[in-house]
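Everything on this sheet refers to the single structure shown next.
Because only heavy atoms are used, hydrogens play no part in the values below, and waters and symmetry mates are left out as well, while side chains stay in. Predicted, not measured: the structure shown is a model, and the values here were computed from it. Count residues from 1 along the sequence.
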Amino acid sequence: MSAKPEVGLVREASRQIVAGGSAGLVEICLMHPLDVVKTRLFGFYKGILPPILAETPKRAVKTFAIAGLGSGLTEAIVVNPFEVVKVGLQANRNTFTEQPSTLSYARQIIKKEGLGLQGLNKGFTATLGRHGVFNMVYFGFYYNVKNIIPVNKDPTLEFLRKFGIGLLSGTIASVINIPFDVAKSRIQGPQPVPGEIKYRTCFKTMATVYQEEGILALYKGLLPKIMRLGPGGAVMLLVYEYTYSWLQENW
């Protein structure tokens, strides 16, 4: 008698994994160029391998019933090393010369700086803040508003309803969490003076940016971030929900 519930649990978990993984993969492939724009305006698909490796399993294990903070902090632990590699590849301005592969660049970081908070895991606190705050706002807003606005029987209008809520969720979450994103990029990217580490910790980096460059500097890159995570958030949730519905009917 216990075999049937077990099979049902495995099947449900498989649906969640496939739907979540598909959502992460599609979102990254469509929106990655705008992530590069945040760092610089060349080589749009440079450094795409680290986020694909991180995002696909990350979205696959995220539970949509728990909106945000816990899942964001958990995913930050997994994602941060990939972010260090991605930012390093994106920030490299020798666009038209031979570039290191993702794996060789990761090896360079480990060899020179190790696996710790000054090496492959630098910017860890800022990444925790970025993902924790984003997911808390994003999923909390999406599922609360989704339950308030009635489901539409017309498939096109229902699609637009979900897309609109996802777009708004991603936009609001992006506006709220961008200071953490700026701090993360400063810590993980090239330092202003080679050989000197100016940006070390999350909140100290925010304070330094604010004191030296003003409050608006903490919102640098907001437009490409919104352009990516606004529609990207909508795409991810739509792919998840429609893939999950298809799996429920066919598997």
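Between Thr127 and His131, the closest side-chain pair of non-hydrogen atoms falls below 4.5 Å. Under the 4.5 Å side-chain criterion, counting only non-hydrogen atoms from C-beta, Thr171 is not in contact with Leu229. Phe139 has its side chain within reach of Leu237: a pair of non-hydrogen atoms, C-beta onward, lies under 4.5 Å apart. For the pair Leu168/Ile172, a side-chain contact is recorded, criterion being any heavy-atom separation below 4.5 Å from C-beta on. In this structure, the side chains of Ile149 and Ile165 come closer than 4.5 Å at one or more pairs of heavy atoms. Side-chain contact check for Thr102 versus Val85: some heavy-atom pair is nearer than 4.5 Å.
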Mind listing the side-chain donor-acceptor pairs of residues 188-197 below 3.5 Å, one per line with the distance, residues two or more places apart or on another chain?
{"from": "Gln188", "atom 1": "OE1", "to": "Lys184", "atom 2": "NZ", "distance (Å)": "2.9"}
{"from": "Gln188", "atom 1": "NE2", "to": "Asn80", "atom 2": "OD1", "distance (Å)": "3.1"}
{"from": "Gln188", "atom 1": "NE2", "to": "Lys122", "atom 2": "O", "distance (Å)": "3.0"}
{"from": "Gln191", "atom 1": "OE1", "to": "Lys198", "atom 2": "N", "distance (Å)": "2.8"}
{"from": "Gln191", "atom 1": "OE1", "to": "Tyr199", "atom 2": "N", "distance (Å)": "2.9"}
{"from": "Gln191", "atom 1": "NE2", "to": "Arg186", "atom 2": "O", "distance (Å)": "3.4"}

Quiz prompt | Derivation of the side chain to side chain contact (heavy atoms under 4.5 Å, CB included) call for Val151 and Arg161 | solution = CA-CA 8 Å; Val151 174; Arg161 180 186 79 97; 3.7 Å; yes

Self-check item: Candidate pair Leu218 and Ile178, rule side chain to side chain contact (heavy atoms under 4.5 Å, CB included), full reasoning
Solution: CA-CA 7 Å; Leu218 289 171; Ile178 194 170; over 6 Å; no

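Under a hydrophobic-cluster definition in which Ile, Leu, Val, Met, Phe, Trp and Tyr are linked whenever side-chain heavy atoms come within less than 4.5 Å, directly or via other members, Leu238 and Phe141 are assigned to different clusters. A continuous path of Ile, Leu, Val, Met, Phe, Trp and Tyr side chains, each step under 4.5 Å between heavy atoms, connects Phe203 with Val133, placing both in one hydrophobic cluster. Tyr242 and Leu247 fall into different hydrophobic clusters, where Ile, Leu, Val, Met, Phe, Trp and Tyr side chains are chained together by heavy-atom contacts under 4.5 Å. When hydrophobic clusters are built by joining Ile, Leu, Val, Met, Phe, Trp and Tyr residues whose side-chain heavy atoms come closer than 4.5 Å, directly or via intermediates, Tyr210 is grouped together with Val175.
Taken to the nearest 0.5 Å, the NZ atom of Lys204 stands 8.0 Å off from the CZ atom of Arg200. The distance from atom CG of Leu157 to atom NZ of Lys162, rounded to the nearest 0.5 Å, is 13.0 Å. With values rounded to the nearest 0.5 angstrom, Leu160 atom CG is found 9.0 Å from Asn152 atom CG. The OG1 atom of Thr125 sits 7.0 Å away from the CG atom of Leu117 when rounded to the nearest 0.5 Å. Between atom CG of residue Leu167 and atom CD1 of residue Ile226 there is a gap of 9.5 Å, rounded to the nearest 0.5 Å. Interatomic distance, CD1 of Ile109 versus CD of Gln118, reported as 12.5 Å (0.5 Å rounding).
Closest of all the heavy-atom pairs between Ala76 and Phe124 is O-CE1, 4.2 Å. The two residues Ser174 and Leu222 have their closest heavy-atom pair at O-CD1, 4.1 Å. Here the closest non-hydrogen pair linking Ala183 and Cys202 is CB-O, 3.9 Å. Of all heavy-atom pairs spanning Val84 and Gly119, the tightest one is CG1-O, 3.9 Å. Taking all atoms of both residues into account, the shortest heavy-atom contact from Arg130 to Phe180 is N-CB, 3.6 Å.
Counting only distance, with no hydrogens or angles, the side chain of Glu158 and the backbone of Lys153 share no donor-acceptor pair below 3.5 Å. Side chain of Tyr138 to main chain of Gly233: a donor-acceptor pair is present (N/O by atom type, distance under 3.5 Å, no hydrogens or angles). Within the 3.5 Å criterion, the main-chain N or O of Val182 finds no donor-acceptor partner in the side chain of Ser185. At least one donor-acceptor pair closer than 3.5 Å links the side chain of Asn144 to the backbone N or O of Gly140.
Applying side chain to side chain contact (heavy atoms under 4.5 Å, CB included) to Pro81 and the options Ile110, Leu115, Leu120 leaves one that passes, Leu120.
Checking Ser101 against Ser104 by side-chain atom types alone, a donor-acceptor pair falls below 3.5 Å. No hydrogens or angles considered: a donor-acceptor pair under 3.5 Å links the side chains of Asn177 and Lys225.
With sequence neighbours left out, Glu249 forms a side-chain hydrogen bond (donor to acceptor under 3.5 Å, both in side chains) with no residue at all. By the side-chain hydrogen bond (donor to acceptor under 3.5 Å, both in side chains) test, Lys146 is found to be paired with Glu241, residues two or more places apart in sequence or in another chain being considered.
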